[in-house]
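Working notes, beginning with the structure itself.
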Protein chains: 2
Amino acid sequence: MITNKNCIIRLSRYKNALYRLQALGFVKVFSDNLADAVSGTASQVRKDFSIFGISGNKKGGYQIDSLLEKLNSILGKDQLQKVIVVGAGHIGSALMRYRGFEKEGIKIVAGFDIDPAKINRSSFVPVLPLDEAKAFIKTHSIRIAILAVPDIAAQQATDIICASGIKGILNFAPLGLKGTEGCIINNVNLEIELENLIYFVNVTEKTR
Amino acid sequence: MITNKNCIIRLSRYKNALYRLQALGFVKVFSDNLADAVSGTASQVRKDFSIFGISGNKKGGYQIDSLLEKLNSILGKDQLQKVIVVGAGHIGSALMRYRGFEKEGIKIVAGFDIDPAKINRSSFVPVLPLDEAKAFIKTHSIRIAILAVPDIAAQQATDIICASGIKGILNFAPLGLKGTEGCIINNVNLEIELENLIYFVNVTEKTR
DNA sequence: ATCATATTGTTCCATTTTTCACAATAACAA
DNA sequence: TTGTTATTGTGAAAAATGGAACAATATGAT
């Protein structure tokens, strides 16, 4: 099994680059074209493909359409991914309104919040009481949740949705959550991303 | 020079964990406490510290307050970091309203947008025309920008702010930006994060 | 048909990152 | 004081990752 997160991220980037190339009218692509497009190396492109049994043609490169098919299948993009958002604050609401997911086959089907004032069953993405999350997750077979609640509420919310059958959480709470058995957690911590950036900006400024 | 991004991210996590421990009344901490708190290993905690010349006491662990001081200094948190947001759409606006940055010494001082309808000079975080970005960046010595514009506008916006003296960009546009000389770009790609999560959820589901 | 060329697929090597293991030693107990 | 114990700090081993190189080979030219 592949456990290299970076490798999977690269597959996503290849996929995105391929759509751009396709839109420009290209039909086939070489490993070094893709490498350029994602700022990588041609060896790595080929090795990434080889890991997943994707092969091209000697001297002929890769056929973009079939390559996209394979990548999309690996990335689970051959089916609509239904996702819920837990927490309808600033970030949560923005994610529910964000249209960028649609073209990626990711559909936010509902939001959940504890605050009655946030509930709105008739909005484009309905916002429901957290109490109803468990039933909703089961009824709609939801596997992925985006967690955008304040840090104090994060672990509790995690426990609830994990117990309801959620298999993967994209966590925006500024806190490392304890991974529950059978549930994968990816943390997107904006504060930490910024700190990281600040660190490297400072370092490169000092050393120049 | 330390170029290991993961290492710096771990420093941020240690720092956050230390604040939590401090809030619980702890005064000193051992490497394995910290390891538990961030789901890492004690060796790695010690090695990370050793890389930055942070030392503790044999049998006495680390003094939390002095440890925090050192980490904060490394992470550039001993001074207020002024940040601008470029793009006042859903994500950009949510970030401007997000209060989580404040306690991290990160202050969003202004937003910028091309759309005149988005301009609001009197809001808590003023939203100004993109035209004014260059002057603003120079006047206020801004080094860090958060980029939250649609993908088509991303490269152009990047060029503008890089040319204005921005040294680091946290990019939310779903597109790998070409790194301009002297400007570091960290990408936060929500679609890719979700795809990644979906991949690993699928894989672990299949192998069980 | 033969040759030259371009590009893949994979093996091997270098580098980076993580983990292990243990000597050094500070704190504490008797 | 002496001994015991807990914990650090680090050097060496191991694992993971990335990159270079090249044999294999399909394509197209002559």
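Quick note on labels: first sequence line is chain A, next is B, and so on, each numbered from 1.
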How many Å lie between [atom1] on [X] and [atom2] on [N], as a whole number?
X	N	atom1	atom2	value
Ile8(A)	dT17(D)	CD1	P	11 Å
Asp32(A)	dA20(D)	CG	C1'	15 Å
Phe30(A)	dT27(D)	CZ	P	12 Å
Leu34(A)	dT7(C)	CG	C1'	14 Å
Ile51(B)	dG11(D)	CD1	P	13 Å
Ile54(B)	dT10(D)	CD1	P	13 Å

Sequence neighbours excluded - salt bridge (charged side-chain N to carboxylate O under 4.0 Å, His left out) pairs with any residue from residues 141-154 of chain B: Glu205(A)-Arg143(B)
Here the salt bridge (charged side-chain N to carboxylate O under 4.0 Å, His left out) pairs for residues 91-114 of chain B, sequence neighbours left out, are Lys15(B)-Glu104(B), Lys77(B)-Glu104(B), Arg99(B)-Glu102(B)
Just to be sure I understand the rule, does Phe49(A) reach a base, reach only the sugar-phosphate, or reach nothing, if contact means heavy atoms closer than 4.0 Å? nothing
Got a second to check how far [X]'s [atom1] is from [Y]'s [atom2], nearest 0.5 Å?
X	Y	atom1	atom2	result
Leu71(B)	Ser12(B)	CG	OG	8.5 Å
Phe30(B)	Asn57(B)	CZ	CG	9.5 Å
Leu147(B)	Asn187(B)	CG	CG	9.5 Å
Asn186(B)	Leu197(A)	CG	CG	5.0 Å

Tell me whether the count of non-hydrogen atoms from other residues, nucleotides or ligands lying under 6.0 Å of CD1 in Ile114(B) goes above 12. no
Contact check, residues 14-27 of chain B vs DNA chain C, heavy-atom distance under 4.0 Å, returns none
Reckon Ser50(B) has a side-chain N or O less than 4.0 Å from the OP1 or OP2 of dG9(D)? no
Under 4.0 Å between a side-chain N or O of Ser31(A) and OP1 or OP2 of dT8(C)? yes
Ser93(B) side chain to Ala88(B) backbone, donor-acceptor under 3.5 Å: yes
Classify every nucleotide of nucleotides 12-20 of chain C by which part a protein heavy atom approaches to under 4.0 Å, writing B for the base, S for the sugar-phosphate alone and - for neither, in 5'-to-3' order. B----SSBB
Using a 4.0 Å heavy-atom cut-off to protein, can you give one letter per nucleotide of nucleotides 25-30 of chain C, 5' to 3': B if the base is in contact, S if only the sugar-phosphate is, - if neither? BBB---
How about Tyr98(B) and Phe101(B): are their ring centres within less than 6.0 Å of each other? yes
Those residues at least two apart in sequence (or on a different chain) that pass salt bridge (Lys or Arg N to Asp or Glu O under 4.0 Å) with Glu132(A) are Arg121(A)
Taking all heavy atoms of Leu34(B) and all of Tyr14(B), pick out the closest pair and write down the distance. CD2-O, 4.0 Å
